[in-house]
A.B. asks: 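Please find one structure pasted underneath; my questions will follow.
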Amino acid sequence: MEFKFLMPTEIYFGEDVVLKNKEVFSLIGSKALIVTGRNSSKKNGSYGDVKQALSQIGVEYVLFDEVEENPSLETIEKGSDIGKRNHVDFVIGIGGGSPMDAGKAIAVFIKNPEIKKENIFSAGKLESIPVVAVPTTSGTGSEVTPYSIVTSHKEKTKKNLGQSIFPRIAFIDYKYTYDLPYDITVNTALDAFSHLVEGYLNTNSTYMSDIYGEKGFELFKYCFKKIISKDLNREFRKKVMLASVLGGIQIAQNGTSLPHGMGYPLTYFKGLPHGLANGVLTIEYLKSFKEHTKMERMLNILGLSHLRELEAIFNKVIDVNIDINADEINKYAHSFFSNKNKLKNHPEELRFEDIVHIYSKSLLKN
Ligand code: NAP
Ligand code: FE
């Protein structure tokens with residue numbers, strides 16, 4: 001047996017972890033750039049807790065609250081200019097994956113003022129100033145991954161920034177998700193589930209990473225039931241947040257595979273939220289497997305006896321109606337098929353036709 005396992009992020013999980021551990025901020029820096037989306041962090045208590053913690057220990061901060069969903073390099077550059085002008089020495093990303101990922105990218109640009117958005121993808125390995133992440137959705141796991149997924153309008157796609165930016169600290173308090181609306185809860189939970197599946201059925205999976213996948217499936221056995229009955233109680237919020245963290249730790253080791261790579265054009269061109277884009281492709285992706293041993297173990301832990309039962313769950317929670325035709329699918333399949341990084345994470349041989357088939361069966365209604 002041989003494996004490498006890396007989790008450099010210091011994780012604080014539980015209710016009120018920000019205020020209970022506020023002194024941690026002063027060990028990281030003396031002036032923070034807080035990076036958030038436009039509204040939600042001010043309503044769900046996360047921004048308030050961080051502000052209070054920083055004030056109590058005398059750490060200064062500046063706020064950049066303009067991060068949109070699927071953050072663009074333009075927004076990231078704007079945020080990093082504000083950080084540079086204010087001489088911040090660390091970044092706190094608060095929100096869903098978009099502000100956390102934007103925060104990570106901003107931390108790279110602040111550390112490397114000579115790098116611009118035009119040359120970031122060819123810049124080689126770069127350092128960043130430290131990042132603290134505070135998730136308010138249960139989905140991306142970005143608080144424990146090295147990835148920063150950004151939108152490049154120049155290349156008309158979403159892609160990984162290509163740097164390794166593990167947050168120094170993750171403060172994970174599921175109370176921030178108590179009022180997350182049902183649709184965002186489902187879409188983000190589908191993202192967490194797809195991380196668990198794609199990390200588990202992955203060329204790079206190991207004994208260690210499987211522990212996280214299997215614990216995550218155990219949590220999803222409960223979470224799927226609650227999602228279907230629309231009973232999003234506090235136990236559910238805690239468990240789905242845990243599942244999201246486990247999925248993040250797993251993809252931090254193994255990377256994602258087909259649904260993630262294939263989902264990006266559905267988000268960029270068709271506006272499908274990230275988790276839903278993965279979710280809508282997941283069942284056909286699973287059906288494409290020829291070897292079933294590990295998938296059966298996964299279904300078993302989920303309390304299911306056949307992939308059809310998982311399909312029935314997905315049919316209940318996913319309803320996607322997008323206008324898409326065979327030409328577009330061909331274009332997306334070509335672009336995905338040239339993405340060797342995602343393809344090599346998939347443990348089985350795939351032909352171009354298989355990718356077209358997964359898209360078509362998932363998205364063309366008749
Ligand atoms: P998001 O784009 O961060 O946020 C979606 C929406 O949810 C926004 O309108 C946001 O409002 C709102 N929101 C966030 N927290 C809320 C709360 N507690 N209550 C009510 N509304 C809330 O969504 P996400 O799915 O978490 O993140 C998606 C992004 O993460 C994508 O760009 C995806 O590619 C990326 N991702 C990254 C990784 C990684 O490892 N780095 C992994 C998977 C996905 P505001 O804008 O007002 O805040
Ligand atoms: Fe994801």
Side-chain angles (χ1 to χ4, degrees), residues 9 34-47 49 64-72 75-76 93-105 131 133-152 157-167 170 173-199 232 237 240-241 244-245 247-268 271-279 281-282 342:
T9 303
I34 300 181
V35 177
T36 71
R38 295 206 173 84
N39 300 303
S40 66
S41 65
K42 292 173 196 115
K43 294 183 188 150
N44 61 36
S46 53
Y47 175 56
D49 281 357
F64 176 62
D65 61 358
E66 294 175 35
V67 179
E68 74 279 36
E69 292 181 37
N70 308 300
S72 66
T75 300
I76 286 161
I94 308 176
S98 298
M100 288 191 288
D101 283 6
K104 290 175 179 177
V131 175
V134 184
T136 68
T137 60
S138 297
T140 70
S142 175
E143 67 279 5
V144 292
T145 76
Y147 313 122
S148 166
I149 311 297
V150 301
T151 296
S152 165
T157 189
K158 295 185 56 163
K159 62 193 281 194
N160 187 5
L161 197 69
Q163 301 298 336
S164 175
I165 322 148
F166 275 107
D173 186 342
Y174 45 88
K175 80 173 183 217
Y176 303 139
T177 66
Y178 284 166
D179 294 325
L180 195 63
Y182 183 78
D183 59 336
I184 304 180
T185 302
V186 171
N187 295 343
T188 48
L190 288 169
D191 190 24
F193 184 69
S194 66
H195 296 158
L196 290 164
V197 176
E198 290 171 52
L232 308 183
R237 295 294 188 188
V240 74
M241 184 62 97
S244 163
V245 177
I249 294 175
Q250 202 192 26
I251 60 164
Q253 317 306 316
N254 301 348
T256 53
S257 72
L258 303 195
H260 268 73
M262 295 172 66
Y264 289 149
L266 302 180
T267 299
Y268 190 85
L272 274 194
H274 169 67
L276 191 56
N278 303 334
L281 299 164
T282 295
K342 294 277 182 239

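Both counts, for ligands and for their atoms, begin at 1 and track the order of listing. Positions are given from 1 along the sequence.
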A.B. asks: Give a yes or no answer on whether the side chain of K104 reaches the backbone of T145 with a donor-acceptor pair at less than 3.5 Å.
C.D. replies: yes
A.B. asks: Heavy atoms only, cut-off 4.0 Å: how does D101 contact ligand 1, side chain, backbone, both, or neither?
C.D. replies: side chain
A.B. asks: Considering non-hydrogen atoms of the protein only, which is the closest contact for atom 7 (O) of ligand 1, and what is the distance?
C.D. replies: I184 CD1, 3.5 Å
A.B. asks: Quick one: look up the protein heavy atom nearest atom 40 (O) of ligand 1 and list residue, atom name and how far away it is.
C.D. replies: T145 OG1, 2.7 Å
A.B. asks: Between CD1 of I94 and CD1 of I34, what distance do you get to the nearest 0.5 Å?
C.D. replies: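 Between atom CD1 of I94 and atom CD1 of I34 there are 5.0 Å.
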A.B. asks: Would you mind running through ligand 1 and noting each atom that sits below 4.0 Å from a heavy atom of T137?
C.D. replies: 14 (C), 15 (N), 26 (O)
A.B. asks: Tell me which part of H274 gets within contact of ligand 1: side chain, backbone, both or neither, using heavy atoms under 4.0 Å.
C.D. replies: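 Looking at H274 and ligand 1, just side chain atoms fall under 4.0 Å.
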A.B. asks: If I take atom CD from residue E198 and atom CG from residue L281, how far apart are they, to the nearest 0.5 angstrom?
C.D. replies: 9.0 Å
A.B. asks: Which option wins on minimum heavy-atom distance to atom 24 (P) of ligand 1: G37, G97, S142, P273?
C.D. replies: G97
A.B. asks: Counting distance only, does the side-chain N/O of R237 pair as donor-acceptor with the main-chain N or O of L180 below 3.5 Å?
C.D. replies: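 Yes; judged by distance alone, with no hydrogens or angles, the pair exists.
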A.B. asks: Might you point out which heavy atoms bring F64 and T75 nearest each other, and give the distance in Å?
C.D. replies: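 Nearest pair, atom of F64 first, then T75: CZ-O, 3.6 Å.
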A.B. asks: Residues in side-chain hydrogen bond (donor to acceptor under 3.5 Å, both in side chains) with D101, at least two apart?
C.D. replies: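 Listed in chain order: S142.
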A.B. asks: Answer yes or no for H195: is there a heavy-atom contact with ligand 1 below 4.0 Å?
C.D. replies: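 H195 counts as a contact of ligand 1 under the 4.0 Å cut-off.
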A.B. asks: Side chain or backbone of D191 under 4.0 Å from ligand 1, or both, or neither, by non-hydrogen atoms?
C.D. replies: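 Under 4.0 Å from ligand 1, D191 contributes side-chain atoms alone.
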A.B. asks: Between N39 and ligand 1, which part of the residue brings a heavy atom under 4.0 Å of the ligand: side chain, backbone, both or neither?
C.D. replies: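 It is both parts that get close, each with some atom under 4.0 Å.
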A.B. asks: For atom 25 (O) of ligand 1, what is the nearest protein heavy atom, given as residue, atom name and distance?
C.D. replies: T188 CG2, 3.3 Å
A.B. asks: At a 4.0 Å threshold, what atoms of ligand 1 neighbour a non-hydrogen atom of N70?
C.D. replies: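 Contacts of ligand 1 toward N70, numbered from 1: 31 (C), 32 (O).
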A.B. asks: Taking the minimum heavy-atom distance to atom 1 (P) of ligand 1, which of G247, S98, G255, S148 ranks first?
C.D. replies: S98
A.B. asks: Can you tell me how far the NZ atom of K158 sits from the CG atom of N70, to the nearest 0.5 Å?
C.D. replies: 3.5 Å
A.B. asks: Looking at ligand 1, is there an atom of it that comes within less than 4.0 Å of some heavy atom belonging to P181?
C.D. replies: yes
A.B. asks: Under 4.0 Å from any heavy atom of G96, which atoms of ligand 1 are there?
C.D. replies: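 That gives atoms 3 (O), 26 (O) of ligand 1.
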A.B. asks: Which protein heavy atom lies closest to atom 32 (O) of ligand 1, and at what distance to 0.1 Å?
C.D. replies: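 In this structure, atom 32 (O) of ligand 1 has K158 NZ, 2.9 Å as its nearest protein heavy atom.
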A.B. asks: With sequence neighbours excluded, tell me which residues meet salt bridge (Lys or Arg N to Asp or Glu O under 4.0 Å) with K43.
C.D. replies: none
A.B. asks: For P99 and ligand 1, answer yes if some heavy atom of the residue is under 4.0 Å from a ligand atom, otherwise no.
C.D. replies: yes
A.B. asks: In Å, rounded to the nearest 0.5 Å, how long is the span from CG of D65 to CZ of R38?
C.D. replies: 8.5 Å
A.B. asks: Tell me if a side-chain donor or acceptor on T185 pairs with a main-chain N or O of P181 at a distance below 3.5 Å.
C.D. replies: yes
A.B. asks: Is any N or O atom of Y176, backbone or side chain, closer than 3.5 Å to an N or O atom of ligand 1?
C.D. replies: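 In this structure, Y176 places an N or O atom under 3.5 Å from an N or O of ligand 1.
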A.B. asks: Test side chain to side chain contact (heavy atoms under 4.5 Å, CB included) on N187 and H274 and set out the steps.
C.D. replies: CA-CA 7 Å; N187 295 343; H274 169 67; over 6 Å; no
A.B. asks: Under the salt bridge (Lys or Arg N to Asp or Glu O under 4.0 Å) test, which residues partner K175, sequence neighbours left out?
C.D. replies: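 Once residues adjacent in sequence are excluded, the partners of K175 under the salt bridge (Lys or Arg N to Asp or Glu O under 4.0 Å) criterion are D16, D49, D173.
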A.B. asks: Please check whether N44 reaches ligand 1 - meaning an N/O of the residue sits under 3.5 Å from an N/O of the ligand, judged on distance alone.
C.D. replies: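 Between N44 and ligand 1 (N or O atoms, distance only) the closest approach is under 3.5 Å.
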A.B. asks: Show your working on side chain to side chain contact (heavy atoms under 4.5 Å, CB included) between Y178 and L232 and close with a plain yes or no.
C.D. replies: CA-CA 8 Å; Y178 284 166; L232 308 183; over 6 Å; no
A.B. asks: Output yes when a side-chain donor or acceptor of E68 lies under 3.5 Å from a complementary backbone atom of S72, and no otherwise.
C.D. replies: yes
A.B. asks: Ignoring hydrogens and geometry, is there a side-chain-to-backbone donor-acceptor pair from T188 to I184 under 3.5 Å?
C.D. replies: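 Flag set: sc T188 to bb I184 pair under 3.5 Å.
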A.B. asks: If you measure from NZ on K159 to OH on Y147, what distance do you get to the nearest 0.5 Å?
C.D. replies: 16.0 Å
A.B. asks: About how many Å separate OG1 of T157 and OH of Y264, when rounded to the nearest 0.5 Å?
C.D. replies: 8.5 Å
A.B. asks: Within ligand 1, which atoms have a heavy atom of Y147 less than 4.0 Å away?
C.D. replies: 40 (O), 41 (N)
A.B. asks: List the steps, then state whether side chain to side chain contact (heavy atoms under 4.5 Å, CB included) holds for H260 with H195.
C.D. replies: CA-CA 9 Å; H260 268 73; H195 296 158; 2.9 Å; yes
A.B. asks: Nearest non-hydrogen contact with atom 10 (C) of ligand 1 belongs to which option: G248, S40, A277?
C.D. replies: S40
A.B. asks: Which protein non-hydrogen atom lies closest to atom 6 (C) of ligand 1, naming both residue and atom, and how far is it?
C.D. replies: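 The closest one turns out to be E69 OE2, 3.7 Å.
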A.B. asks: Counting only heavy atoms, tell me which of L161, T136, T140 gets closest to atom 28 (C) of ligand 1.
C.D. replies: T140
A.B. asks: Please report how many protein N/O/S atoms lie under 2.8 Å from the Fe ion (ligand 2).
C.D. replies: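 That number is 4, waters not included.
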A.B. asks: Please state which part of E68 comes within less than 4.0 Å of ligand 1, counting heavy atoms only: side chain, backbone, both or neither.
C.D. replies: neither
A.B. asks: Number the atoms of ligand 1 from 1 as they appear, then name those within less than 4.0 Å of a heavy atom of I149, with their elements.
C.D. replies: 34 (O), 37 (C)
A.B. asks: Provide, to 0.1 Å, the distance between atom 17 (C) of ligand 1 and the closest protein heavy atom, together with that atom's residue and name.
C.D. replies: L180 CD1, 3.3 Å
